[in-house]
Amino acid sequence: MRPSVRWGKMPELPEVETVRRGLEPVMTGQIIRLAQVNRPDLRFPLPDRMAERLTGARVEQLRRRSKYILADLSTGETLLIHLGMSGRMLVSGAQLGAFHHDHPAPQKHDHVVIDMEGGARVTFNDARRFGAMDLMPTAATDAHPLLASLGPEPMGNTFDEDYLFNRLKGRATPIKAALLDQRVVAGLGNIYVCEVLYRAGIDPRLLAGQIEEARLRQIVPLVREVLAEAIAAGGSSLRDYRQADGELGYFQHAFRVYDREGQPCATPGCAGTIARVVQSGRSSYFCPGCQR
DNA sequence: ATGTGTTCCTGTCCGC
DNA sequence: TGCGGACAGGAACACA
């Protein structure tokens, strides 16, 4: 018996997209039979009467904006979900032939539990509680305080070479911090910024406004490439899950610099060693040999 | 307007 | 094994 599916480990954009895709078959088009809310707040207070406002609603659509999952409901409201640093979604009872009440025992930090009429249970678990949930009118999602000042989607058309160059022109902040700035581009996190700068051969400490235009423009297709690879890896791990038991790995093998301090650089012919520096309180990993 | 440092919270890992 | 400290995917906020 395989009672449940739990993912994921690293809530950056590809992870959030993988979670969205994993929730889609059990939630989209389905009615919420019962929502339970086990505490009044996560990072922020949860909305008033959240359980009542969810219960009985049909999930019309699951969208993603940056690292946020947005569930449009038949009630005219949209549920916003953010995983923060440690948020996880557990789906149980969704397997063919599973009994509806075949759910694992509740775990510590299970903050919100959503039972669908189709029999699946979706559990939001978040030890650190940096995650968030909110409800808002669907027509006003763009105006939500957490979404209003987000920059373009990194996989979308408005994030292009001209945009990035113009946006970073004159900026005196390190390129690492600039790419982590959600107003510049929405959805890049620490891991993928490190990976992108490695592929671009750019030292994370360089000031954004001082990087040659041609080098800066190179970043755009590399952002798309790195994210697309990670989303594909997440997708294949979802598919694998239908065939095998166990917790999913997630793109871990594919990091070339992230969390590899002291290890040899992966670039052929480069004798460098991956270094770690702290920039605005976060670890940056890079190869001093091929990132300049 | 920009840029930087602190903070929220819990869990895990590493050195002594 | 126990204990303290460093560190962890995010991002709002306060302040220079």
Side-chain angles (χ1 to χ4, degrees), chain A residues 6-20 38-46 64-69 80-89 107-112 124-134 144-151 154 166-197 204-211 226-227 230-231 233-234 237 247-255 257-262 274-285:
Chain A
R6 185 183 281 271
W7 67 90
K9 288 183 172 174
M10 298 169 283
E12 293 207 25
L13 185 153
E15 158 77 356
V16 173
E17 177 59 21
T18 300
V19 170
R20 189 194 68 78
N38 296 332
R39 53 172 303 127
D41 57 352
L42 296 171
R43 174 165 192 180
F44 308 111
L46 288 164
R64 180 188 57 74
R65 171 76 170 109
S66 185
K67 298 168 196 167
Y68 298 89
I69 291 172
L80 171 149
I81 303 169
H82 192 267
L83 301 174
M85 298 260 272
S86 57
R88 276 123 213 246
M89 288 291 184
Q107 302 292 305
K108 201 174 176 183
H109 310 304
D110 283 352
H111 304 311
V112 177
F124 177 81
N125 180 288
D126 184 10
R128 290 176 76 181
R129 265 185 280 128
F130 290 172
M133 286 198 195
D134 202 1
H144 190 278
L146 293 171
L147 306 180
S149 52
L150 291 176
N166 289 318
R167 190 69 178 71
L168 298 185
K169 198 161 29 180
R171 289 283 296 268
T173 197
I175 185 66
K176 170 76 185 314
L179 293 176
L180 275 178
D181 184 341
Q182 303 296 298
R183 296 167 300 188
V184 172
V185 55
L188 286 186
N190 200 37
I191 293 174
Y192 294 108
V193 169
C194 291
E195 296 297 314
V196 164
L197 290 175
R205 299 166 296 186
L206 289 187
L207 299 188
Q210 293 179 3
I211 298 171
V226 165
L227 294 180
I231 290 170
S237 55
E247 179 136 355
L248 294 180
Y250 190 78
F251 204 55
Q252 290 158 327
H253 58 287
F255 300 146
V257 288
Y258 180 79
D259 203 22
R260 300 189 60 131
E261 183 182 15
I274 305 307
R276 183 177 79 95
V277 294
V278 175
Q279 297 181 278
S280 45
R282 323 254 341 244
S283 289
S284 293
Y285 299 90

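Just so it is clear: chains get the letters A, B, ... in the order the sequence lines come, proteins before strands, and each one is counted from 1.
- Within 6.0 Å of the CZ atom in A:Arg183, the count of heavy atoms belonging to other residues, nucleotides or ligands does not exceed 12.
- Contact footprint of chain A on DNA chain B: nucleotides with an atom under 4.0 Å from a non-hydrogen protein atom, first to last in 5' to 3' order, B:dG3 to B:dG11.
- With sequence neighbours excluded, the residues forming a side-chain hydrogen bond (donor to acceptor under 3.5 Å, both in side chains) with A:Gln279 are A:Ser284, listed by chain and number.
- Taking the charged nitrogens against the carboxylate oxygens, A:Lys108 and A:Asp110 have no contact shorter than 4.0 Å, which rules out a salt bridge.
- Using a cut-off of 4.0 Å between Lys/Arg side-chain N and Asp/Glu carboxylate O, A:Arg171 and A:Asp181 are scored as salt-bridged.
- With P as the reference atom, B:dC9 and C:dC3 are 23 Å apart, rounded to whole Å.
- Aromatic ring pairs are classed by plane angle as parallel below 30°, tilted from 30° to 60° and perpendicular above 60°; the pair A:Tyr285 and A:Tyr258 is perpendicular.
- Among residues two or more places apart in sequence or in another chain, the salt bridge (charged side-chain N to carboxylate O under 4.0 Å, His left out) test is passed with A:Asp259 by none.
- The side-chain contact (heavy atoms from CB on, under 4.5 Å) test with A:Lys67 is passed by exactly one of A:Glu17, A:Glu15, A:Gln182: A:Gln182.
- Base pairing in DNA chain C gives the following stems of 3 or more Watson-Crick or G-U pairs, range against range and under 3.5 Å: B:2-8 with C:10-16, B:10-16 with C:2-8.
- Looking only at atom types and distance, the side chain of A:Ser283 has a donor-acceptor partner in the side chain of A:Arg276 under 3.5 Å away.
- Nucleotides of DNA chain B nearest to A:Arg183 and A:His109 differ in position, and the one nearer the 5' end is that of A:Arg183.
- A:Ala177 comes within contact range of no nucleotide atom at all, as no heavy-atom separation falls under 4.0 Å.
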Q) Nucleotide by nucleotide, 5' to 3', does protein get under 4.0 Å of the base (B), only the sugar-phosphate (S), or neither (-) in nucleotides 10-16 of chain C, counting heavy atoms? A) BBS----

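- Evaluated for a side-chain contact (heavy atoms from CB on, under 4.5 Å) with A:Met89, the options A:Thr18, A:Asp126, A:Val19 yield exactly one hit, A:Val19.
- In this structure, A:Asp134 has no salt bridge (charged side-chain N to carboxylate O under 4.0 Å, His left out) partners at least two apart in sequence or on a different chain.
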